[in-house]
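Report on the structure given below.
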Amino acid sequence: MTLRERFKSAPFTPIILLGLLFVGLWIARASVHAPSEKTVNYSELVADVNQDKVARVEIRPDAIVATLRADKGKPEPIVEAERPPNLDDRTLLESLRQHSVEVTGHPEEPSIWGPIFWSLLPLLLIVPFIIGIRRAGAAAGRSRPMTFGRSKAKLYDRSQESNVTFDDVAGVEEAKGELTEIVSFLKEPKKYTDIGARVPKGVLLVGPPGTGKTLLARAVAGESGVPFYSISGSEFVEMFVGVGASRVRDLFEQAKERGPCIIFIDELDAIGKARSGIAGFASNEEREQTLNQLLIEMDGFDSATGLIIMAATNRPEILDKALLRAGRFDRQVVLDRPDVRGREAILRVHVRKVKLGADVELKVIAQRTPGMVGADLANVINEAALASVRHDRQIVTAADFEEAIDRIQLGLKKEGRVMTEDDKRRVAFHEAGHALVALSMAKADPVHRVTIIPRSVGALGATLQLPTEERYLMTRGELRDRLCVLMGGRAAEELVFRDASTGAEDDISRATAIARQMIARFGMSEELGPVSFMHPETHLSGEPDFASRDFSEETARTIDDEVKATVTREAARAREVLTRRRATLEAVARELIQKETLERDQLEAIVRTAETKNGHSVSHA
């Protein structure tokens, strides 16, 4: 056992308890036998009694304590005389009575257990409290009070691992390919060291939440068969300065003893925020000490020992630059949102334990879930299974998946909500306007379903479009068509009812955001030219932010004018399409009022019938 282990395992609590017990006994004994102010002979005490100098006497088994009379305004002196062994109590008491002396006596030795009990009462109350804290900490998986500086990392070793491998991770094939070298090094480090190659010390997994960063890190450990330490960045930081740094040291010491192994730090941005610049204005001494200790530990070990640091974050733009330099997190692996093929592969992994019906097509489900990550797709499958149970089915059908996707994207059906006839008619024309404009645009995504069933998220209806293929780029024409479809609902209301409603709130918000990105980020403005006015760091999050703008007020006014002109222009185009196809609009709205939900084939049949009846052909604007 090392000195450090002996120090940690030392029985501090029994030593403290024994010390407190000894101090309590000493205090109790001293309080019982407190010394008198003055000691005199017995004969002197008798003389004082005969001279009427004694006011009170306390007779003890081994001594006589007398309180003498004192002059007015002065304290009464106390004297103590040793009691002779052959003293006649009757003679003494008679003499004291004759001189009017007040007598009290303790014929037996006073018990010390009362003072001992009151001295130890605080200790007796504290001990159960300490035991309760220790048990609560153990039950919650936290460190004991004397070891709060130790690491809280959870260890998955060979006997505890859940056998997560690359087969359990789908949709991130490029990321798995980059991590294959890490697995190979952990399995055969000599092959790399013999040739002089140095495997990266640290691997940073970057991607949106739910893309499988933690799962991929555990798969690396499972493939290589090494211990895996997992901890969140927030578990390092405490209110006491220095605790985080102590936990970092302890984590690396444990990992070096069990090497080769993997240390995985989730949510690295909790301790790795930049110490200067915009993110460093608010100083946090504890977090900075933790970050400094992490940097020191990453510099202080040799990668040849088989220790690999892996971390995950979805905000790489705010990390301290010192973390990302060569020699620390040498390699950054990006886990982006999966494409349609990746989503289909993820679905195949998650449906292994689900009983699927013959009508379920995972490819269609993947097409219906654009933008969803692995966690979202796992939730879709679980919701579909729950829907199957609600309908008393033995298998999960395609209808269950449709219900699950609608529940996640649109919210729960509010079938109990009763709309007035006027509101229902307005919502029907609103959604029919979206659908008809989408059918009229050459570059818009095809309409999958139109519904006017209210949802829990506040939507009174929805028009769902299903992309035919995964797109990584969008042209100006495609963005304009998307804006036109968004404004189609409001345009239909204005055309039919001669007034707009609050139902277009979300459409207007989304259209404004797209138009602003077109003008200020993608340079799609004739007036401003191919210039980006967004801060570069906002591109990673996809959220426009003009708080740190570096352009003039005049330019900002021009951006606002261009955004307004773009949205207004597309709203006018949508109204022109609906005016030209007014009869078709009314036919779709009537069917929606009756059936409440129209699938793609039903919608196309209604449009064909209406266009044929009115002598028009379906054309694109």
Side-chain angles (χ1 to χ4, degrees), residues 337 339-340 367-372 405 409-410 429-451 457 459 461-495 500 503-528 530 532 534 538-539 541-544 559-560 562-581 585 588 600 603-604 607 618-621:
R337 296 182 182 274
D339 56 14
V340 63
Q367 291 175 342
R368 274 221 57 195
T369 52
M372 286 194 179
I405 295 173
Q409 292 181 339
L410 304 176
F429 273 99
H430 182 103
E431 299 304 332
H434 282 309
L436 192 55
V437 172
L439 291 174
S440 304
M441 297 294 109
K443 299 177 180 179
D445 293 328
V447 178
H448 179 70
R449 181 189 297 124
V450 185
T451 179
V457 295
T463 300
L464 304 177
Q465 294 175 265
L466 187 64
T468 55
E469 59 185 5
E470 201 77 18
R471 302 297 304 273
Y472 300 99
L473 296 174
M474 295 195 71
T475 64
R476 185 184 329 200
E478 291 170 340
L479 289 172
R480 287 185 56 202
D481 284 357
R482 180 167 292 188
L483 286 175
C484 192
V485 173
L486 285 171
M487 301 306 296
R490 181 185 172 95
E493 290 187 48
E494 292 176 340
L495 178 64
E505 175 190 4
D506 184 61
D507 300 330
I508 295 174
S509 176
R510 291 164 59 191
T512 304
I514 293 174
R516 188 170 292 277
Q517 295 239 9
M518 291 174 63
I519 304 305
R521 179 176 177 183
F522 303 128
M524 295 180 179
S525 169
E526 298 295 338
E527 181 72 19
L528 295 170
S532 176
M534 283 190 178
T538 63
H539 293 183
S541 61
E543 298 293 333
I559 292 174
D560 292 339
E562 284 289 288
V563 170
K564 178 182 176 181
T566 301
V567 176
T568 304
R569 184 169 55 249
E570 298 309 320
R573 188 158 70 108
R575 182 161 183 168
E576 188 274 329
V577 170
L578 296 177
T579 302
R580 180 163 43 86
R581 307 178 70 176
L585 174 67
V588 174
R600 178 193 296 182
L603 177 64
E604 291 176 348
V607 171
V618 180
S619 60
H620 296 297

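Starting from 1, each residue takes its place in the sequence as its number. Quantities reported herein were computed from a predicted structural model and do not represent experimental measurements.
Residues Thr451 and Glu431 have side chains not in contact (no heavy-atom distance under 4.5 Å, counting atoms from C-beta outward). Side chains of Met518 and Ser525 form no contact here, defined as non-hydrogen atoms less than 4.5 Å apart. Residues Leu603 and Val447 have side chains in contact (heavy-atom distance under 4.5 Å, counting atoms from C-beta outward). A heavy-atom distance below 4.5 Å is found between the side chains of Ile514 and Leu486. Gln517 has its side chain within reach of Phe522: a pair of non-hydrogen atoms, C-beta onward, lies under 4.5 Å apart.
Remark: Glu494 engages Arg490, Arg575 in a salt bridge (charged side-chain N to carboxylate O under 4.0 Å, His left out) (not counting sequence neighbours). Under the rule for a side-chain contact (heavy atoms from CB on, under 4.5 Å), the partners of Val567 that lie at least two apart in sequence or sit in another chain are Met487, Ala515. Under the salt bridge (charged side-chain N to carboxylate O under 4.0 Å, His left out) criterion, Arg482 pairs with Asp445, sequence neighbours left out. Residues meeting the side-chain contact (heavy atoms from CB on, under 4.5 Å) test with Ser509, sequence neighbours left out: none. Remark: Thr475 engages Lys443, Glu478 in a side-chain contact (heavy atoms from CB on, under 4.5 Å) (not counting sequence neighbours). Under the rule for a side-chain hydrogen bond (donor to acceptor under 3.5 Å, both in side chains), Thr566 has no partner lying at least two apart in sequence or in another chain. Applying the side-chain hydrogen bond (donor to acceptor under 3.5 Å, both in side chains) criterion to Asp560, with sequence neighbours excluded, gives Arg516. Residues satisfying the salt bridge (charged side-chain N to carboxylate O under 4.0 Å, His left out) criterion with Glu570, sequence neighbours excluded, are Arg480, Arg573. Residues satisfying the salt bridge (charged side-chain N to carboxylate O under 4.0 Å, His left out) criterion with Arg600, sequence neighbours excluded, are absent altogether. A search for side-chain contact (heavy atoms from CB on, under 4.5 Å) contacts involving Ala444 returns Met441, Gln465, Val485, not counting sequence neighbours.
The heavy-atom pair separating Val437 from Gly488 by the smallest distance is CG2-CA, 4.0 Å. For the pair Leu528 and Ile519, the tightest heavy-atom approach, listed with the atom from each and the gap, is CD1-CG2, 3.6 Å. Of all the heavy atoms in Ala571 and Ala491, the pair that sits closest is O-CB, 4.2 Å. Minimum interatomic distance between Gly433 and Leu585 (heavy atoms only, all atoms of both residues): N-CD1, 3.6 Å.
Put simply, CE on Met474 and CE on Met524 are 9.0 Å apart, with the number rounded to the nearest 0.5 Å. To the nearest 0.5 Å, the span separating CG on Leu436 from CZ on Phe429 amounts to 11.5 Å. Going from atom SG of Cys484 over to atom CZ of Arg569 covers 11.5 Å, rounded to the nearest 0.5 Å.
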Determine, step by step, whether Lys564 and Thr512 satisfy the side chain to side chain contact (heavy atoms under 4.5 Å, CB included) criterion, reporting the C-alpha distance in whole Å, the side-chain angles of both residues, the deciding distance to 0.1 Å, and the verdict. CA-CA 8 Å; Lys564 178 182 176 181; Thr512 304; over 6 Å; no
Intermediate values then yes/no, side chain to side chain contact (heavy atoms under 4.5 Å, CB included), Thr463 and His430: CA-CA 10 Å; Thr463 300; His430 182 103; over 6 Å; no
Step by step, would you call Val450 with Leu464 a side chain to side chain contact (heavy atoms under 4.5 Å, CB included)? CA-CA 6 Å; Val450 185; Leu464 304 177; over 6 Å; no
